[in-house]
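The shown structure was predicted, so the numbers you read here are calculated from the model rather than taken from an experiment.
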Amino acid sequence: DIPAPDGKPAVLPRGRNVSISDDGMSLCANISGQVSYADGKVNVFSTYEVHDSVDNSTGNINFNGNVTVKENVMNGFTLKAEGDIKIMGIAEGAYIESQGNIFVNTGVQGYGKGEIKAQGNLTTRFIQNSIINCAGDITAETIMHSDVISKGNINVIGKKGLIVGGTYRANREINAKIIGSSMAISTILEVGTDPQIRLKNENVKKTLDDIRNNLDKIDKTIDALEKRGKLSNEKKEMYDKLVYTQKNLYEKMIELNRQYNESKTYIDEMSVGKIKVEDIIHPGVKVIIGNAVLLIRDELRHCTLYNSEGEIRVGPY
């Protein structure tokens with residue numbers, strides 16, 4: 001006989017609105033709702049249904065489960081959910097935030113102020129003049145004049161498959177049929193690093209530049225005061241404040257410089273993203289992959305753009 005090793009006690013994956021039966025063998029729903037398996041746990045979310053539109057008749061919505069909207073989310077309203085959001089009409093200039101996935105059947109028209117945030121994926125037909133930030137993939141048929149961030153892929157598929165105008169950042173890939181336009185509308189595509197890390201890096205650099213400019217002014221003022229010799233009480237007080245500020249700014253600059261160099265090294269080492277163009281990418285499109293930048297000057301067709309040894313190369317689609 002060969003004895004078997006002792007097994008580990010089974011742990012039931014109990015999540016929200018779920019309890020364990022008295023015999024410890026089953027999970028039981030505490031409420032009626034939708035079963036969801038996420039982050040290794042079984043949850044039960046109740047679903048809130050809006051039978052018309054999110055507008056003055058409903059007000060803003062903040063719900064701890066899934067939300068289904070039968071019509072539209074109107075301009076200026078807010079919709080938040082801890083579960084998934086499904087909108088059967090259009091999202092117009094609204095703020096929509098979900099801890100899960102977002103589905104918008106018709107499309108997203110932001111009017112330059114509408115914003116969507118999702119911890120999961122966003123799926124819709126079109127996105128226009130909107131701010132989008134997703135931890136998962138973004139899938140649409142057309143995206144125009146928007147600021148889009150995805151920690152996964154940006155997939156613009158379907159008959160049009162068009163990306164034009166705006167800034168598009170993806171951690172892994174951007175896939176589209178047509179990118180840019182014959183009118184050379186400014187379109188920026190960026191892949192190969194975590195968009196949040198690159199944005200943070202850019203903000204740190206701006207802060208560093210501001211600190212250096214301020215230090216330069218403070219240094220010149222301190223030098224001028226020191227050359228005067230004996231100072232009046234008022235000038236002495238100003239001198240002491242400037243020296244104190246100078247010391248703090250130098251310490252802050254050293255720490256920010258460390259953060260900037262760390263994130264820049266990470267960005268330089270990644271550079272693994274790709275941009276896939278099924279049909280055409282027009283001149284005027286700016287492509288950033290990791291630490292490499294390329295401005296498209298001549299139209300390219302049926303190609304894949306990728307980073308190789310610090311340069312952006314053009315390969316077959």
Side-chain angles (χ1 to χ4, degrees), residues 95 97 110-119 127 129-135 138 143-152 154 163-174 179-180 184-224 238 241-273 275 284-296 305 307 310-312:
Y95 179 84
E97 183 177 341
Y111 299 122
K113 62 180 180 180
E115 186 173 354
I116 290 182
K117 290 183 178 181
Q119 291 300 313
I127 299 170
N129 297 309
S130 301
I131 301 167
I132 310 294
N133 194 327
C134 285
I138 296 171
I143 310 181
M144 303 175 66
H145 309 293
S146 297
D147 189 344
V148 178
I149 292 176
S150 166
K151 287 190 175 182
I154 298 175
I163 293 178
V164 60
T167 303
Y168 305 85
R169 297 179 173 97
N171 200 5
R172 295 195 292 270
E173 292 185 2
I174 296 177
I179 300 176
I185 296 173
S186 176
T187 307
I188 300 172
L189 307 181
E190 185 176 324
V191 295
T193 56
D194 187 328
Q196 299 293 350
I197 292 177
R198 182 174 285 279
L199 284 173
K200 182 181 178 182
N201 188 255
E202 291 173 357
N203 291 332
V204 168
K205 188 177 185 304
K206 289 178 183 177
T207 305
L208 275 171
D209 291 340
D210 291 340
I211 288 175
R212 290 190 180 104
N213 290 333
N214 289 333
L215 277 173
D216 184 57
K217 294 175 183 177
I218 290 172
D219 290 344
K220 288 178 180 178
T221 306
I222 289 175
D223 288 341
M238 182 175 70
K241 287 181 178 178
L242 286 171
V243 170
Y244 177 79
T245 303
Q246 181 191 51
K247 178 176 178 293
N248 287 338
L249 285 177
Y250 270 117
E251 291 175 353
K252 189 174 181 180
M253 184 177 69
I254 291 170
E255 174 58 24
L256 287 174
N257 205 50
R258 182 191 65 78
Q259 294 177 20
Y260 175 77
N261 289 330
E262 282 183 0
S263 58
K264 187 175 184 300
T265 300
Y266 172 81
I267 291 170
D268 292 343
E269 289 175 350
M270 288 291 291
S271 307
V272 294
I275 296 172
V285 175
K286 184 179 181 181
V287 174
I288 303 170
I289 305 179
N291 58 348
V293 180
L294 174 66
L295 180 64
I296 305 299
L305 305 177
N307 187 318
E311 292 186 8
I312 295 178

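Judged as a side-chain hydrogen bond (donor to acceptor under 3.5 Å, both in side chains), and not counting sequence neighbours, Lys286 has no contacts. Every residue meeting the side-chain hydrogen bond (donor to acceptor under 3.5 Å, both in side chains) condition with Lys220, not counting sequence neighbours, appears here in chain and number order: Asp216. Remark: Met253 pairs with Leu208, Ile211, Arg212, Leu215, Tyr250 by the side-chain contact (heavy atoms from CB on, under 4.5 Å) rule, at least two apart or across chains.
Between Lys206 and Asp210 no salt bridge is recorded (no basic side-chain N to carboxylate O distance below 4.0 Å). Ion pairing between Glu255 and Arg258 holds under the 4.0 Å rule for side-chain N and carboxylate O. Salt-bridge annotation for Lys247 and Glu251: present, with a side-chain N of the basic residue lying under 4.0 Å from a carboxylate O of the acidic one.
Applying side-chain contact (heavy atoms from CB on, under 4.5 Å) to Ile179 and the options Ile296, Val164, Ile275, Val287 leaves one that passes, Ile275. Checking each of Lys117, Glu115, Glu97 against Asn133 for a side-chain contact (heavy atoms from CB on, under 4.5 Å) leaves exactly one that passes, namely Lys117.
Between Glu173 and Val191 the shortest heavy-atom distance is C-CG1, 4.2 Å. Taking both residues in full, the closest heavy atoms of Lys151 and Asn171 are given as O-CB, 3.0 Å, listed atom of the first, atom of the second, then distance.
Of the possible donor and acceptor atoms, one in the side chain of Ser146 sits under 3.5 Å from a partner among the backbone N and O of Met144. For Ser150 (side chain) and Val148 (main-chain N/O), no donor-acceptor pair under 3.5 Å exists by modelled atom type.
Leu189 has its side chain within reach of Ile163: a pair of non-hydrogen atoms, C-beta onward, lies under 4.5 Å apart.
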